[in-house]
Amino acid sequence: MQYEKHLEISHVSIEFPTPKGPFKALDGVNLHIAKGEFVSLIGHSGCGKSTVLNIVAGLYQATTGGVILDGREVDEPGPDRAVVFQNHSLLPWLTAYENVELAVKQVFKGRKSKNEMREWIEHNLALVHMEHAMHKRPNEISGGMKQRVGIARALAMEPKVLLMDEPFGALDALTRAHMQDSLIEIQARLNNTVIMITHDVDEAVLLSDRIVMMTNGPEATIGEVLEVDLPRPRNRVKMANDPRYNYFRSEVLKFLYERQKQPPEKDTADAGSTGEPTSEPNTTAKKEEAAA
């Protein structure tokens, strides 16, 4: 895959004030993401995954460095970046249709007629297989269905980048598997650029084009980037016995449970700041620059 300049995270560091002085959460994060690419961020709790996502979303401002999306600096939230949180964040007094409608009116007011907006809302609910429950309120549907509505709301904004913060973390295993399959289907149809935070190694390997592995905080950065060049569409049952799937899985586990026992290396390699994988036999894992 060519890593053209669609989304650039360049030399991003961030400090938060505390009573004991500045706390440096991220240090020199560099990553280029291609249009239509699915990237997962994984690492131990406190490694700054959500902080990276919030900076891309425009909710946090980096202390140094910044984010460029299609040639424009990201300095505030915008409809070109939609966020799906672990909590569905639906308004409980509105139906599924009305929750999606709120986002559509915000983005397309004056650009679409009422009929066009209605068709667009119904289209996005159908994408996540929720057309049958569009007139139900959140307390009338299951947790997985609520997340589907949250994803429909995000997709209805037609974002350039879909940001997902552990979107399936609160779901039971079976519902989570169904949601992962739905996301694979949606991403294949729409070719969205997706950045997803996860703690689930199997989820990361199943869904991702690349897995970005974060070092432990404070001063967390990108430790390794693993390119998952498994063919698509991916079937979880067939992948379970695929030697390459299990190889990628073991590489992530090795990073999480072996490498992280050692102190983080602050000056690892000269592979550049693009987050591109190296070309090595049987592996595309690489180390990122740890500092700007």
Side-chain angles (χ1 to χ4, degrees), residues 6-7 33-40 53 57 78-92 94-109 111-138 140-172 174-198 203-204 206-209 232-236:
H6 173 54
L7 177 66
I33 297 175
K35 188 173 184 179
E37 188 178 9
F38 196 119
V39 172
S40 288
L53 204 76
D80 54 352
R81 287 151 286 126
V83 185
V84 178
F85 298 100
Q86 183 172 346
N87 183 338
H88 54 80
S89 302
L90 301 180
L91 298 177
L94 298 181
T95 64
Y97 178 97
E98 291 167 337
N99 269 282
V100 179
E101 184 182 35
L102 274 179
V104 171
K105 284 183 174 179
Q106 182 70 26
V107 175
F108 296 108
K109 188 175 181 180
R111 296 167 52 193
K112 289 182 182 288
S113 68
K114 287 185 178 180
N115 283 338
E116 286 173 330
M117 283 196 284
R118 176 181 53 78
E119 291 173 358
W120 181 241
I121 294 164
E122 292 175 353
H123 167 74
N124 282 279
L125 286 166
L127 273 178
V128 297
H129 308 294
M130 280 298 294
E131 63 271 36
H132 66 287
M134 68 172 66
H135 299 303
K136 292 186 176 181
R137 290 183 172 84
E140 299 176 298
I141 58 180
S142 69
M145 294 169 78
K146 292 171 188 174
Q147 278 301 82
R148 288 179 188 274
V149 176
I151 293 171
R153 181 176 57 188
L155 293 174
M157 297 167 63
E158 285 194 317
K160 293 180 179 179
V161 181
L162 184 62
L163 304 169
M164 311 185 82
D165 192 350
E166 290 193 80
F168 313 136
L171 304 177
D172 64 85
L174 186 58
T175 303
R176 183 175 189 141
H178 287 316
M179 292 298 298
Q180 291 166 353
D181 292 340
S182 293
L183 186 56
I184 290 172
E185 175 190 342
I186 291 166
Q187 210 261 343
R189 290 178 63 180
L190 302 181
N191 196 35
N192 298 101
T193 302
V194 181
I195 304 175
M196 185 182 73
I197 292 173
T198 183
E203 180 173 80
L206 179 68
L207 297 177
S208 305
D209 296 307
R232 294 183 183 273
R234 295 174 185 170
N235 180 291
R236 70 176 61 251

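Below, each value reflects all heavy atoms present in this structure, side chains not excepted, and no hydrogens, waters or symmetry copies. None of the values given here were measured: they were computed from a predicted structure.
- Taking every heavy atom of both residues into account, Thr175 and Gly144 meet most closely at CG2-CA, 3.6 Å.
- Put simply, the side chain of Arg153 never gets that close to the backbone of Ala82: no donor and acceptor are under 3.5 Å apart.
- Contact between Ala154 and Val84 at its shortest, heavy atoms only, is CB-CG2, 3.6 Å.
- Atom-to-atom distance recorded for Met196:CE and Glu166:CD is 9.0 Å, nearest 0.5 angstrom.
- By the side-chain contact (heavy atoms from CB on, under 4.5 Å) test, Asn235 pairs with Val237, Lys238, sequence neighbours left out.
- One finds the CD atom of Gln147 at 8.0 Å from the OG atom of Ser89 (value rounded to the nearest 0.5 Å).
- Here the side chains of Pro159 and Arg81 are not in contact, with every heavy-atom distance at 4.5 Å or above.
- Residues that satisfy the side-chain contact (heavy atoms from CB on, under 4.5 Å) test with Val104, not counting sequence neighbours, are Val100, Phe108, Met117, Trp120, Ile121, Ala156.
- You'll find the side chain of Ile141 reaches within 4.5 Å of the side chain of Met130, heavy atoms only.
- Between Val83 and Ala57 the shortest heavy-atom distance is CG2-CB, 4.0 Å.
- Put simply, the side chain of Pro167 does not reach to within 4.5 Å of the side chain of Met179, judged on heavy atoms.
- In this structure, Leu7 and Ile195 have side chains that are in contact, with non-hydrogen atoms separated by less than 4.5 Å.
- Side-chain contact between His132 and Met145: present, with at least one pair of heavy atoms (C-beta onward) separated by less than 4.5 Å.
- Looking at residues two or more places apart in sequence or on another chain, you find a salt bridge (Lys or Arg N to Asp or Glu O under 4.0 Å) between Arg176 and Asp200, Glu203.
- In this structure, Asn192 contributes its side chain and Val194 its backbone to no donor-acceptor pair below 3.5 Å.
- Across Pro138 and Leu94, no two heavy atoms sit closer than the pair CD-O, 3.1 Å.
- Partners of Arg236 under the side-chain hydrogen bond (donor to acceptor under 3.5 Å, both in side chains) rule, at least two apart in sequence or in another chain, are Gln180, Asp181.
- Every salt bridge (Lys or Arg N to Asp or Glu O under 4.0 Å) that Arg118 has, sequence neighbours left out, goes to Glu122.
- One finds the OG1 atom of Thr95 at 12.0 Å from the NZ atom of Lys136 (value rounded to the nearest 0.5 Å).
- Looking only at side-chain heavy atoms (C-beta outward), Thr193 and Lys35 come within less than 4.5 Å of each other.
- When the salt bridge (Lys or Arg N to Asp or Glu O under 4.0 Å) test is applied to Lys112, no partner is found at least two apart in sequence or on another chain.
- Of all non-hydrogen atoms in Ala204 and Ser208, the two that sit nearest each other are O-OG, 2.6 Å.
- Interatomic distance, CG of Leu53 versus CD1 of Ile197, reported as 4.5 Å (0.5 Å rounding).
- In this structure the side chain of Met164 reaches within 4.5 angstrom of the side chain of Leu183, judged on heavy atoms.
- Side chains of Leu207 and Ile184 form a contact here, defined as non-hydrogen atoms less than 4.5 Å apart.
- How far CG of Leu155 is from CG of Asn124: 6.0 Å, rounded to the nearest 0.5 Å.
- Looking at Asn99, its side chain does come within 3.5 Å of a backbone N or O of Leu91 through a donor-acceptor pair.
- Between the side chain of Glu37 and the backbone N or O of Asp209 there is no donor-acceptor pair closer than 3.5 Å.
- The number of heavy atoms from other shown groups lying within 6.0 Å of CZ (Arg232) is above 12.
- One distance of note links CG of Leu190 with CD of Glu185; it measures 9.5 Å at 0.5 Å rounding.
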